[in-house]
Amino acid sequence: MDTATSPKTAAKAERYEYYSRISAENMTPLWEVLSALVPPHPRTQAKPAIWNYRQVREQVMEAGRLITAEEAERRVLILENPALRGQSCITQTLYAGLQLILPGEVAPAHRHTQSALRLVLDGEGAYTAVDGERTTMRRGDFIITPAWTWHDHGNEGDQPVVWLDGLDIPIVRFLDAGFAEKSEDQTQRPLRPEGDALARYGANMVPLDYAPRPTDPTKVFVYPFARTRESLKAIAHGAPDTHHGFKLRYVNPATGASPMPTIGAFAQHLPAGFQTKPYRSTDATVYVCLEGAGHVKVGENHWRFEENDVFVVPSWHSVEVQAERDTILFSFSDRPVQQALGLWREQRL
Ligand code: GTQ
């Protein structure tokens, strides 16, 4: 039979002719896209990826010879998911980048509705200031810049300092809710001495009249690595969780909620030789190795990682980690958003 005139082909031709007519009215048939719109399980476009710090460090330093922090406003190399190039994101919902600040430089004060986290990776002597309080940036420190808080960074030491930025830029862009402004002052005048917020809100106590609303940003904006590390080591007795090792979640100590409404953050200790069982969850997660080294399997990808390497586990991709040595991993994801919306799922495989 001549296929060009078969009833099936004729019906298709009629449909396509119909699609092109309704397209003129900005309409399109659901039945052609339904299974993609309502998939049986997440089918992310994002791909697993790793950035080896040793390989990219020199390129980060090269940026320091090409542009000043002041001219750039923020001198950052964005880590783009290889399947989402040009979109400035490491997962569908999160942005990550490596920020460099050289001795004597300042990254001028600004604020925006995007929330940010910093994870200090390399070098000493930099500070970041959040709403009038400075904090010295030490390796492994987890520092946050809640939405709409003024922040500037500076380096008063003698070494280049690099940290990982994590922001909810894609979420805020998706919602078309982004605002930003630059301060008239390059650097904020300190309003309180360093350590004030941690002493007031981060020592299992709060000021007498402190009654935060659920949407108020956390007052604690630095989680020093020394404390995190001490906690991770102190809980490393008995059997580690089969899928996570010894893993803790960062919280706003006043509320128990995630430090930022859009980004959840975690730290985990995997004892030398430990191997996690495969695990997956709907929150695509960015991992950073703070201590140790090992191998990670993400979906079908196998990589070796060492200190300061960054890898991304897309939504619903299984992850397995094997620690060569005592290993500490930091990670962050959009989990609080998914949990607030009742969407978050996980599976121990
Ligand atoms: O340090 O304020 O990586 O505003 C991207 C946007 C860092 C920052 C980024 C920002 C910042």
Side-chain angles (χ1 to χ4, degrees), residues 51 53 56-57 59-64 66-81 84-91 93-102 105-123 125-138 141-156 160-175 177-188 217-218 221-223 259-260 262-263 265 286 288 308 310 312 330 332-334:
W51 288 262
Y53 188 71
V56 301
R57 184 181 190 275
Q59 289 168 327
V60 173
M61 294 303 157
E62 213 178 321
L66 293 173
I67 191 166
T68 63
E70 197 183 327
E71 194 189 347
E73 189 166 339
R74 295 295 184 265
R75 191 205 284 115
V76 179
L77 297 189
I78 302 172
L79 305 183
E80 288 199 321
N81 189 288
L84 305 170
R85 295 304 309 274
Q87 298 178 45
S88 302
C89 52
I90 190 160
T91 71
T93 54
L94 294 171
Y95 158 107
L98 293 169
Q99 180 156 178
L100 169 68
I101 188 152
L102 294 173
E105 286 190 325
V106 296
H110 70 190
R111 63 176 175 175
H112 36 71
T113 47
Q114 292 82 0
S115 300
L117 68 83
R118 333 274 170 200
L119 187 77
V120 186
L121 297 180
D122 193 5
Y127 67 85
T128 190
V130 177
D131 270 351
E133 185 178 326
R134 279 188 185 189
T135 192
T136 303
M137 301 176 96
R138 298 186 180 87
D141 288 355
F142 166 52
I143 299 164
I144 66 184
T145 311
W148 208 239
T149 53
W150 291 107
H151 54 286
D152 55 87
H153 321 297
N155 186 343
E156 296 178 337
V161 174
V162 178
W163 63 80
L164 182 81
D165 282 322
L167 286 90
D168 57 7
I169 286 172
I171 296 176
V172 177
R173 179 171 59 195
F174 178 69
L175 298 170
F179 292 87
E181 64 179 323
K182 294 180 188 187
S183 170
E184 281 164 17
D185 305 317
Q186 281 247 344
T187 46
Q188 298 176 67
T218 174
F221 68 98
V222 56
Y223 299 76
M260 289 173 286
T262 46
I263 309 179
V286 180
V288 188
N308 290 358
V310 178
V312 57
F330 170 87
F332 67 98
S333 77
D334 63 13

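Quick note: numbers below take in every heavy atom, side chains included, and nothing from hydrogens, waters or symmetry partners. Order of appearance sets the numbers: ligands from 1, and atoms from 1 within every ligand.
The shortest heavy-atom contact between Ala107 and Gln99 is CB-OE1, 4.3 Å. The two residues Asn308 and Leu121 have their closest heavy-atom pair at ND2-O, 3.2 Å. Residues Arg173 and Ser88 come closest through the heavy atom pair NH1-CB, 4.5 Å. Between Ile90 and Leu79, the closest heavy-atom pair is CB-O, 3.6 Å. Closest heavy-atom contact between Phe142 and Pro259: CE2-CG, 4.2 Å.
Atoms of ligand 1 lying under 4.0 Å from any heavy atom of Gln99, numbered from 1 in the order shown and given with element: 1 (O), 7 (C). Close approach of ligand 1 to His110 (heavy-atom distance below 4.0 Å) involves ligand atoms 2 (O), 4 (O), 8 (C). With ligand atoms numbered from 1 in the order given, ligand 1 contributes 1 (O), 8 (C) to contacts under 4.0 Å with heavy atoms of His153. Of all atoms in ligand 1, listed by their number and element, those nearer than 4.0 Å to a heavy atom of Val76 are 3 (O).
By the criterion of a heavy-atom distance under 4.0 Å, the side chain of Leu167, and not its backbone, is placed next to ligand 1. In Gln114, neither the side chain nor the backbone holds a heavy atom less than 4.0 Å from any atom of ligand 1.
For atom 7 (C) of ligand 1, the closest non-hydrogen atom of the protein is Asp165 OD2, 3.3 Å. Looking from atom 4 (O) of ligand 1 to the surrounding protein, the closest heavy atom is His112 NE2, 2.8 Å. Among all protein heavy atoms, the one lying closest to atom 8 (C) of ligand 1 is Arg74 NE, 3.0 Å. Scanning the protein heavy atoms around atom 5 (C) of ligand 1, the nearest turns out to be Tyr95 OH, 3.4 Å.
The closest approach between a heavy atom of Glu73 and any atom of ligand 1 is not below 4.0 Å.
Rounding to the nearest 0.5 Å gives a distance of 6.5 Å between NE2 of His153 and CE of Met137.
Each of Asp122, Val76, Val162 was compared with Val60 under the side-chain contact (heavy atoms from CB on, under 4.5 Å) criterion, and only Val162 meets it. The only member of Arg118, His112, Gln114 that meets side-chain hydrogen bond (donor to acceptor under 3.5 Å, both in side chains) when paired with Thr145 is Arg118.
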